**Student:** 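Mind looking over this structure? Questions follow.
We count ligands from 1, going down the list as the structure has it; atoms in each ligand are counted the same way. Since the model is a prediction, treat every value here as computed from it, not as a measurement. We number each residue from 1, following the sequence as shown.
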Amino acid sequence: MKLISGSSNRTLSEAISSYLNVPLTQVSMKRFGDNELFVEIMENVRGEDCFFIQSTCYPANDHLMELLIAIDALKRGSARRITAVIPYFGYARQDRKTGGRTPITAKLVANLITAAGADRVLTMELHAGQIQGFFDIPVDNLIAAPVFVPDIKNKFKGSNLCVISPDVGGVVRARAFAKRLGADLAIIDKRREKAGTSEVMHVIGDVKDKVCIIVDDIIDSGGTLCNAAGALKEHGAKEVHAYIVHGVLSGGAVARIADSPMEKLVLTDSIPATEAMTGVHNIEQLSVASLIGEAIRRTSEERSISALFR
Ligand code: R5P
């Protein structure tokens, strides 16, 4: 097996490499004067089972292009099989036409990865499970529950827990978490009653005096999460915590979270922590290195990955 790291999340790649006890293959990445990218794999990969690890997070276009170029370099280097390991799959939220003459960029990205020469994709918590169908190659879509659930059980033993979906789109994920935790489920329904008025947050379910755990796939601006946390407190929640897989955290998200009534936001390291997160009292990261590492090992040994989630 060969493990190769892109530049988006070197820390996670190193942790995966030490979990598997497989060194990262040397790779050289250069920029030409006009900013074009050049990738050279510095070791022989002929006949090897290759895993290229790259989250397509900020700057998404650069990281995506780097992924495509690296896959091409591996293919032309006669790799036996190439798996694109994409802990965070950017552009996933553009998964349907939102109006006339708009793109479905998640599908375009899937086409690009396939055309570049990937044989498989290993990713985690796609915004919508159906995105797997945008690829005509096998996709393993890991869930973060094996990392989040033990942490929640540990921290909140004996608490009256309620899992919260911060919007109607996240109900399936939240229900699966509630089932694993044996907890209640509540849903936040955002509605704009009339054009020009502000959104009203309806909480469907009983959250009074409960420890509320919001689960979601992505936190971007933090708007969805902070509004949900405020609504839960208004409805009598005892504490509000959030477990969110991908910390996109754009703009003033970190400051918004720091000022929110949320006790703690727990993220995975699918996207590296930014400097702005350092020292923020209510943000924490859990590593998915062993989860992804184990999935890589099982892919390489042709063993079941779904067995990881039973
Ligand atoms: C939306 O459907 C996603 O699951 C997230 O809730 C959303 O992307 C979060 O975005 P923001 O933090 O900007 O509200």
Side-chain angles (χ1 to χ4, degrees), residues 55-60 86-99 102-107 109 123-132 134 141-145 148 163-178 185-192 198-205 212-233 240-268 270-274 276-277 280 282-285 288:
S55 281
T56 47
C57 53
Y58 178 86
I86 312 173
Y88 168 66
F89 183 85
Y91 282 111
R93 286 172 287 176
Q94 295 187 44
D95 60 354
R96 62 192 168 280
K97 283 188 74 169
T98 50
T102 58
I104 305 180
T105 313
K107 168 65 178 154
V109 170
T123 185
M124 189 173 66
E125 296 275 5
L126 284 170
H127 176 61
Q130 304 89 292
I131 294 170
Q132 289 169 89
F134 290 179
N141 181 25
L142 307 180
I143 55 168
F148 282 164
V163 175
I164 313 291
S165 174
D167 53 34
V168 177
V171 176
V172 173
R173 178 178 292 105
R175 194 187 298 125
F177 262 90
L185 174 70
I187 299 160
I188 297 193
D189 174 38
K190 288 180 285 190
R191 254 186 237 172
R192 207 176 292 279
S198 61
E199 271 185 340
V200 183
M201 317 283 286
H202 298 283
V203 178
I204 306 170
C212 292
I213 311 282
I214 304 173
V215 296
D216 207 354
D217 58 331
I218 295 171
I219 172 164
D220 190 342
S221 67
T224 304
L225 183 62
C226 295
N227 291 341
L232 292 167
K233 285 279 185 179
V240 180
H241 301 257
Y243 282 74
I244 302 206
V245 184
H246 307 296
V248 172
L249 299 174
S250 61
V254 171
R256 206 164 287 131
I257 293 150
D259 292 341
S260 79
M262 207 163 16
E263 266 73 21
K264 191 74 98 188
L265 162 64
V266 181
L267 301 167
T268 77
S270 65
I271 296 176
T274 58
M277 275 165 66
V280 175
N282 60 352
I283 305 184
E284 181 184 317
Q285 254 192 347
V288 286

**Student:** When you look for heavy atoms under 4.0 Å from ligand 1, do you find them on the side chain of Asp216, its backbone, both, or neither?
**Tutor:** side chain

**Student:** Gly222 heavy atoms, cut-off 4.0 Å: which ligand 1 atoms fall inside?
**Tutor:** 11 (P), 12 (O), 13 (O)

**Student:** Ignoring hydrogens and geometry, is there a side-chain-to-backbone donor-acceptor pair from Ser55 to Ile271 under 3.5 Å?
**Tutor:** no

**Student:** Considering non-hydrogen atoms only, spot the tightest contact between Gly90 and Thr56 and give its length.
**Tutor:** N-OG1, 2.7 Å

**Student:** Distance-only, no hydrogens or angles: does the Glu125 side chain make a donor-acceptor pair with backbone N or O of Asp217 under 3.5 Å?
**Tutor:** no

**Student:** What protein heavy atom lies closest to atom 14 (O) of ligand 1? Include the residue and the distance to one decimal.
**Tutor:** Thr224 OG1, 2.5 Å

**Student:** Identify the closest protein heavy atom to atom 8 (O) of ligand 1: which residue and atom is it, and at what distance?
**Tutor:** Arg93 NH1, 3.1 Å

**Student:** Could you tell me whether ligand 1 has any atom less than 4.0 Å away from a heavy atom of Asp217?
**Tutor:** yes

**Student:** Any donor-acceptor pair under 3.5 Å linking the side-chain atoms of Asp220 with those of Ser250?
**Tutor:** yes

**Student:** Taking atom 7 (C) of ligand 1 as the point of reference, which of Ile218, Ile214, Asn227 owns the nearest heavy atom?
**Tutor:** Ile218

**Student:** When you measure from atom 13 (O) of ligand 1 to every protein heavy atom, which one gives the shortest distance, and what is it?
**Tutor:** Ser221 OG, 2.6 Å

**Student:** Would you mind reporting whether His246 and His127 have side-chain heavy atoms less than 4.5 Å apart?
**Tutor:** no

**Student:** Got a salt bridge between Arg93 and Asp95, using NZ or NE/NH1/NH2 to carboxylate O under 4.0 Å?
**Tutor:** no

**Student:** Could you see which bit of Val248 sits under 4.0 Å from ligand 1, with heavy atoms only: side chain, backbone, both or neither?
**Tutor:** neither

**Student:** My understanding is that we take every heavy atom of each candidate and find the minimum distance to atom 10 (O) of ligand 1. Doing that for Leu249, Ile244, Asp220, which one comes out nearest?
**Tutor:** Asp220

**Student:** Just how far is it from atom CG of Leu142 to atom CG of Leu126, taken to the nearest 0.5 Å?
**Tutor:** 9.5 Å

**Student:** Among all the protein's non-hydrogen atoms, which is closest to atom 2 (O) of ligand 1, and how far away is it?
**Tutor:** His127 CE1, 3.1 Å

